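Encoded as structure tokens, the structure appears first; notes follow it.
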Amino acid sequence: MSKENRVKIAERTNNPVLKFFSENLGIIAALIVISVIVAIMSPVFLSVDNALSVGRQISTNAVLTLGMAMVIITGGIDLSVGAVVALTGTLCVGFINQGMPVPVSVILCVGIGVLVGFLNGVIIAKTGMAPFIVTMSTMNIGRGIAYLYSGGLPLRCTRDDFAVLGTGYLGPVPLPIIYLAALILIVWMLLSRAKFGTYVYALGGNREAAKFSGIPTVKIEIIVYTLSGFLSGFAGVVLAARMFSGQPSVQQGAEMDAIAACVLGGVSMTGGMGKVGGTMIGALIIGVISNGLNLLNVNSFVSNIVKGIIVLIAVYIDIIKKKKMLKG
Amino acid sequence: MRNYVLEMKGIEKKFANVYALEGVHLQLEKGEVHALLGENGAGKSTLIKVLGGIYKADAGQIMIDGKEVTIQSVKDAQAYGINIVHQEIVLVPHISVAENIFLGREPVTKAGLKDKRKMFREAGELVKQLGLDIDVKRDVYHLTIAQQQLVEIVKAVSFNSKIIVMDEPTSSLAEREVEYLFEVINKLKQQGVSIIYISHKLNELFTITDRITVLRDGKYVDTKETKSTTIDELIKMMVGRNLTEYYSRGEHSIGGVAFEVKELAQKGVFDNVSFHIKRGEIVGFAGLVGAGRSEIMQAIFGVSSIDSGEIFIDGKKVKFKNVQDAIMHGIALIPEDRKKQGLVLKNTVGYNITLTVQDQYKKFVHINRKKRDGIIDRYIKAFSIKTPSPEQLVNNLSGGNQQKIVLSKWLATNPKVLILDEPTRGVDVGAKSEIYTIIDQLAQDGMAVILISSELQEIINMCDRIYVVSQGQVTGELQREEFDQEKIMYHATGGK
């Protein structure tokens, strides 16, 4: 299909599935190529078990990516996501071990994630401090509290009624994948159908024009960071349940994986552009690379190198693409 | 045969398969001010970029002082004495005027350090030569836009330019500052510098230029002596047809007072501002750049806050907490800087048109596509917005079409009071005329229209009444029969 035709289909169709494929052809092709390579080198890759395991593994990063995508589209960044995962997971296990009922503890800890996000949003929107600085600070604070609370050690929790949240199944599908699917649907609806999403794009595309257009920019910005906090908090609790423990050191650098997934998925780091679908493929690519290298028994440090290189290439391609688009 | 400093002959430039320039000529005499005129997309900027070494021509000759030359880069162009003063100011704000002038070619002391003293001295001499009053030791951000524009010109002169290209140098200057610029241009002329002058403001050309070359659709149309041509003839050459009426004015049936403000003030910005607009009336706000007109309107619209004063709509007192409030009360503001304040450039035509009216077709996550497409199509058709599709990025459209999109976006909110801040800035003649027709039609349909403009002709021809603003105060009010350029300037410079 010629490029022009592709663009035309993307423009004309209201069918979200067709639109998704035509907009993300490049990155889908990349995903297929990487998958084929991994599958040839390690046939186990294609087994149902491994596929579900990849799904479970990426679910945390993918949930963080959903929040990160919204934040980056507003022109900001949220470095605190990994720390919030560690904080909420650790606290949740700790609270349960201290005798707090599981549902209360879960809700409370997701609420803590919401609170961190809300604080990020309020500080950024009201003071005009740079998102990078604000969320880097809350990242350090969050991680610090997690270590302080747990004394630096993982807190174990083997209670079934908690663990099931992360290890359970709905039919043959692991629960974390079900959560992810639901969250993707919600965030996609918010971004591409609700007026909230339209405003999010306006904020990142041109904040001044958004203000002149009567868009409540402060409110939208606070909501976006709060949502990112909620998603991180949720991911943290589910991860703790899946690992039977709350670990203060977990998900170090998770913010970088989420940013990488966004960039791979075509989110512009300067804001105003990007879609949920693309970022999820981005998260898949990162997951498949980690999983593949793991299956091939490659040192896990190599996976960092590979991820770094892939992000560089993806961003370069993206820059060329956008230049062309803006020139028409 | 006359001696030309510069001759461009049969210049051709193709992008992909489209001719941006086809057989374009330009002949420049020594000490001449030569206007380059044409609508947006006529090829003026492409020609200038060829001259300045940014683009390479596919065919044609460039001769300087009768000798054929090839210009491959900006450095080449500067070596031949050609310098371009771009429309956008590209000075570094937090260093001094002198350092800006010598940026990238600073004189150095024996120790290899920047020789500031020499820089200040030489820059000071240049400034004095042109009869300017600018302190070269000051940081650029202290200067007004007009002064910064002049610094750009000084910078061009500092290269010992024989030819200076000025791309819309007056687009952000007020009338008085324009006169100042013209004095500088005349000084340069006397020194034998030739100037290529690009501007959309036709009446300016008659004050400052000697000859005018017109381009249309990338082709050379003609070169005229300024003395022996008229605005009508120039417009005809530019658009290739007669514009029967450049400004439109139909019958306005003026109704009751739709909008009124009393004693509005914002500390240090404006004070004691009172005015009213009636239904079906176009009311102009004249004044110098920086008089506070935009600030007053933005404060009314809720972009900034008001310290004291009252606002009335249809006689009822209202208060706007923010922009949303103002929109809900039927106010729309088309801001002065369309790229910064009006549009999300990297999003689509459809997106921008509907940005202000999300509530009209969205309910939570349900989108009424038919209604949305209806809104978009209505304005694309009504204003003949030239775009391949509603999904085109706004960034890729011309200034005129962009401005029509900003208009659409605000008219979609069904305003009762429409505030237009410099609605035709940077818009070509054809689109300008169309925008005038739209504005006039809105007034005929009963809308109360406020028109802020730095072009006096625009205000005089379009408006029913004019308020003049000077230093944050309303200094005069004129009825249509009293309209007079001198009277307006008298009030604009502070006379009451």
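Chain letters run A, B, ... following the sequence lines, proteins first, then strands; residues in each count from 1. These numbers were taken from a predicted model, which means no experiment stands behind them. Excluded from the calculations below are hydrogen atoms, water molecules and symmetry mates; all remaining heavy atoms, backbone and side chain alike, are included.
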Part of [X] lying under 4.5 Å from any heavy atom of chain A:
| X | result |
| --- | --- |
| B:Lys409 | side chain |
| B:Tyr361 | neither |
| B:Asn322 | neither |

Checking [Y] against [X]: is there a side-chain donor and acceptor pair closer than 3.5 Å?
| X | Y | value |
| --- | --- | --- |
| A:Asn120 | A:Thr135 | no |
| B:Ser454 | B:Glu422 | yes |
| B:Ser304 | B:Gln266 | yes |
| B:Thr348 | B:Glu391 | no |

Under 4.5 Å from any heavy atom of chain B, what part of [X] do you find: side chain, backbone, both or neither?
| X | answer |
| --- | --- |
| A:Thr217 | neither |
| A:Ser268 | side chain |
| A:Phe196 | neither |

Point to revise | chain A-proximal positions within residues 325-333 of chain B [heavy-atom distance under 4.5 Å] | key: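 Interface residues of residues 325-333 of chain B: B:Ile327, B:Leu333.
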
Check your understanding: With respect to chain A, which residue among B:Val406, B:Asn347, B:Asp359 yields the maximal number of heavy-atom pairs within a distance under 4.5 Å?
Key ->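 Ranked by heavy-atom pairs under 4.5 Å with chain A, first place is B:Asp359.
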
Check your understanding: Hey, are A:Lys126 and A:Glu221 close enough for a salt bridge, meaning a charged N less than 4.0 Å from a carboxylate O?
Key ->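 So A:Lys126 does not pair with A:Glu221 through a salt bridge.
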
Review point. When the ring planes of B:Tyr141 and B:His94 are compared, do they come out parallel, tilted or perpendicular, using 30° and 60° as the limits?
Key: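 Answer is tilted, since the angle falls between 30° and 60°.
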
Review point. Are B:Lys404 and B:Phe383 in a cation-pi setup, meaning NZ or CZ lies under 6.0 angstrom from the ring centre and within 45 degrees of the ring axis?
Key: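 No, B:Lys404 does not sit over the ring of B:Phe383.
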
Practice item. Examine B:Lys416 relative to B:Phe259 and say whether NZ or CZ is less than 6.0 Å from the centre of the six-membered ring and inside a 45° cone about the ring axis. Key: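 Pair B:Lys416/B:Phe259 does not count as cation-pi.
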
**Study point:** Greatest number of heavy atom pairs closer than 4.5 Å to chain B - which of A:Ala210, A:Gly197, A:Gly271
**Key:**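 Heavy-atom pairs under 4.5 Å are most numerous for A:Gly271.
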
Exercise for review: Output the distance between atom CD (B:Glu336) and atom CD (B:Gln298), rounded to the nearest 0.5 Å.
Suggested key: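 So the CD of B:Glu336 and the CD of B:Gln298 are separated by 6.5 Å.
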
Practice item. Run the ring-centre check on B:Phe320 versus B:Phe301 and record whether the distance is less than 6.0 Å. Key: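 For B:Phe320 and B:Phe301, the ring centres are not under 6.0 Å apart.
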
